[in-house]
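The structure appears right after this line, and notes come after that.
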Amino acid sequence: MNPINVMVTGADAPVGERLVRDLLQDSRVDRILAVPWKEAAHLPQDERLVVVPVDLSSSRRVHELLFGKARDLKIEVVVHTQLHRSAREEGGRVHRYNVDTMRGLLSLSERHPSIRRLVLRSDAAVYQIQRDLPVLIAEHHPLNMSGSAPQWIRDRVEADVTACMRMGMTSLQIAVLRTAEVLAPGTGSQLFDYLESTICLRPAGFDPMLNVLTIQDCANALQRAIHCQAQGVFNIPGADTLPLTAAIRAWGRLGIPMPGSLLSPAYRLRARVTGHDFRYGMNRRRFHYSGVLDGTRAREVLSFVPCHPVEWPAA
Amino acid sequence: MPFPPAVAAALSQAVLSPEELARLADLHYHDAGHGYDAFGMHPSFVSLGEVIAGPLYHRYFRVLSSGHEHIPQYGPAILVANHSGNIPLDGMMMWMDVLLHTSPPRVVRAVADHFVPSLPFVGTLFARAGMVGGSRGNARALLETGELLMIFPEGTPGIVKPFRERYQLRPFRVGFAELAIRHSAPVVPCAVVGAEEQMPQITTSRRLGKPFGIPEVPIPAVPIPLPVRYHLLWGEPIRLDQEFRPDQADDPEIVRAATVRVQAAVQGLIEKGLKKRKGVFA
């Protein structure tokens, strides 16, 4: 089998960077086109690696990238990992970054001379969590289509659904990987931001099951999706499934139960005062009801099994 | 939970006998990491559940169990029983009975109504002892991993039925039969005799339950359950899987007929239990 050429967006973020490093170790991959948003000095130097910083919120730049450098390098697989990480920022620019970029990549890839596969890193946050839905979340689980959901979630759902809608419409193979929350700094993890506080307030009387992923496992799943021919949606769970209180304890924090109605204003105040990103309103449901990704399909089709547990500071 | 599993384990060690603790150490479950299964069950809380339910089972309700040899020692199965008593102590006694009469011990996964997981504290404690919310996805996932399910097909209308209608089954919902056929799981009928007299009911209120999404809240005539004697009668497994192919789970008539059959089996066990017992408290 000939080695393939891969383009990775979001190469300045932890998952994208890790994926680029893993691909450099992968003998089945020849050239790698890493696309960070800005200059990414921390990416390794390698003759197989080409780094092209591009602001993907501009459709013109995306076009120039795909029909410029990507065409010259004969890119066959595009891995799109770039999503706006901050829940604080909203508006048209963020939407362009999250959704329009995805839409542009799709339509351009469909008519590209060398691209045959697009792998989108989506997010478990697209799923609806509520008391009457299964704890184990399969790929056909209802999505959070609520109009009252924050833009952070709405954009992710729209990008995901946009990719899903194009599956099977053209010869472009599309794989959507709905990854569990990556519990690491710089990934946009709401839970990581929540656990940054010494005292973690939580809803009294509830202790839902959570599932979290590591950067290594996330990059590993994306790498497997690059080499697979299968299309469709794949849940990517992490190796850690535990209740919220156990996560708080394992992170070395003090969990204080409070009535749920007080948590939203408390965390709104925290966000205003300290600039933290965590929004309780965005996480209310999953702080009450369990939601754990069912990775059966990823195991069967991608042979992906999470094997890198989180290094819990106080475990 | 307000306390970690280590506290639950310490409480269990203080109360349960070394033999019982050794028996519970053999408990089989699917650890999803950190000692919990994906649904939140933890063996230390199962032991704590025995600490809580044990005195009620042995001393308060003095449960007499018969036919428990029909409870499968391994593999998927659905335990189906009548539901009554205004508070779900019948489920707790069945949970305890299965734990005591299986070796290695098995935790029956009670499939509760949707509102139960949204009850603060109670929902979490029940989940730690094996309860799951009543969605088809949860039941499917558990049967596929060979778990034992406990379903009360009468649902909330069964548990809140008036005292004068005791031991008259409400129509069974068909979901359990569909699951049994689709997943080739035997159905073990069970009659709970005694629970229907534990808390005679004055009336029910829809308004009281509204904040928690509970369809009806019973208003009982007594503040705590009466010390009735429980009789649990387990029937022979009904092998729907040997009569029907999994794809026939989509046939409404087959599923309805299978449901009626299981309901008749439970009703038969109830009548047997009522004839057998010497009195409500005896």
Side-chain angles (χ1 to χ4, degrees), chain A residues 127-142 180 202-214 237-250 255-261 285 287-296 306-310 312 314-315, chain B residues 1-8 29-42 44-45 109 111-145 147 155-156 175 179 211-215:
Chain A
Y127 287 118
Q128 179 77 284
I129 290 184
Q130 59 188 47
R131 64 179 193 173
D132 54 348
L133 289 175
V135 169
L136 273 182
I137 295 175
E139 284 81 1
H140 57 267
H141 192 92
R202 61 177 186 84
F206 294 92
D207 195 9
M209 296 300 287
L210 308 170
N211 177 259
V212 285
L213 184 65
T214 54
D240 290 85
T241 301
L242 72 175
L244 176 62
T245 53
I248 294 169
R249 271 195 300 273
I256 295 187
M258 279 179 80
S261 54
R285 288 256 173 93
F287 272 33
H288 283 81
Y289 309 120
S290 299
V292 175
L293 290 185
D294 179 355
T296 306
C307 50
H308 296 95
V310 172
W312 299 90
Chain B
M1 283 303 293
F3 50 86
V7 175
Y29 78 112
H30 297 92
D31 187 353
H34 299 266
Y36 297 82
D37 82 353
F39 296 88
M41 192 187 91
H42 193 288
S44 296
F45 286 96
R109 313 304 296 263
V111 179
D113 213 330
H114 295 316
F115 67 83
V116 180
S118 63
L119 298 174
F121 303 103
V122 175
T124 305
L125 184 64
F126 283 4
R128 294 289 173 269
M131 182 214 74
V132 295
S135 75
R136 196 170 298 182
N138 286 342
R140 175 192 57 78
L142 289 166
L143 287 175
E144 281 175 359
T145 51
E147 297 267 10
T156 308
L179 281 167
F212 299 103
I214 304 174

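Source: prediction; values computed, not measured. Quick note: numbers below take in every heavy atom, side chains included, and nothing from hydrogens, waters or symmetry partners. Below, chains carry the letters A, B, ... as their sequence lines are ordered, and counting in each starts from 1.
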**Message:** Which heavy atom of B/His34 sits nearest to which heavy atom of A/Trp312, and what is that distance?
**Reply:** CE1-NE1, 3.4 Å
**Prompt:** Between A/Pro134 and B/Gly137, which heavy-atom pair has the shortest distance, and what is it?
**Reply:** CG-CA, 3.7 Å
**Asked** Roughly how far, to the nearest 0.5 Å, is NE2 of B/His30 from OG1 of A/Thr241?
**Response** 14.0 Å
**Item:** Gap between atom CG of A/Asp294 and atom CZ of B/Arg140 - 0.5 Å precision
**Value:** 6.5 Å
**Per-residue contact mode, A/Ala250 against chain B (heavy atom under 4.5 angstrom)** = neither
**Request:** Show your reasoning for whether side-chain contact (heavy atoms from CB on, under 4.5 Å) applies to B/Phe39 and A/Ser290.
**Result:** CA-CA 7 Å; B/Phe39 296 88; A/Ser290 299; over 6 Å; no
**Request:** Quick one: which of A/Thr296, A/Leu244, A/Asp240 has the most heavy-atom pairs under 4.5 Å with chain B, could you say?
**Result:** A/Asp240
**Message:** Measuring from atom CG of A/Asp132 to atom CZ of B/Arg136, what distance do you get when rounded to the nearest 0.5 angstrom?
**Reply:** 13.0 Å
**Asked** If you take all heavy atoms of B/Tyr36 and A/Arg249, which pair is closest and at what distance?
**Response** OH-NH2, 4.4 Å
**B/Asp31, part contacting chain A, at a heavy-atom distance under 4.5 Å** = neither
**Prompt:** Does a side-chain heavy-atom distance below 4.5 Å link B/Arg128 with A/Pro243?
**Reply:** yes
**Request:** Look up atom CG in A/Leu136 and atom CG in B/Leu142, then write down how far apart they are to the nearest 0.5 Å.
**Result:** 8.0 Å
**Item:** From CE (A/Met209) to OG1 (B/Thr124), nearest 0.5 Å
**Value:** 11.5 Å
**Prompt:** Do you know the tightest heavy-atom contact between B/Pro120 and A/Ala204?
**Reply:** CB-O, 4.2 Å
**Under 4.5 Å from a heavy atom of chain B, the part of A/Leu133 involved** = backbone
**Asked** Considering all heavy atoms of both residues, which atom of B/Ser118 and which atom of A/Phe206 are nearest to each other, and what is their separation?
**Response** O-CZ, 3.3 Å
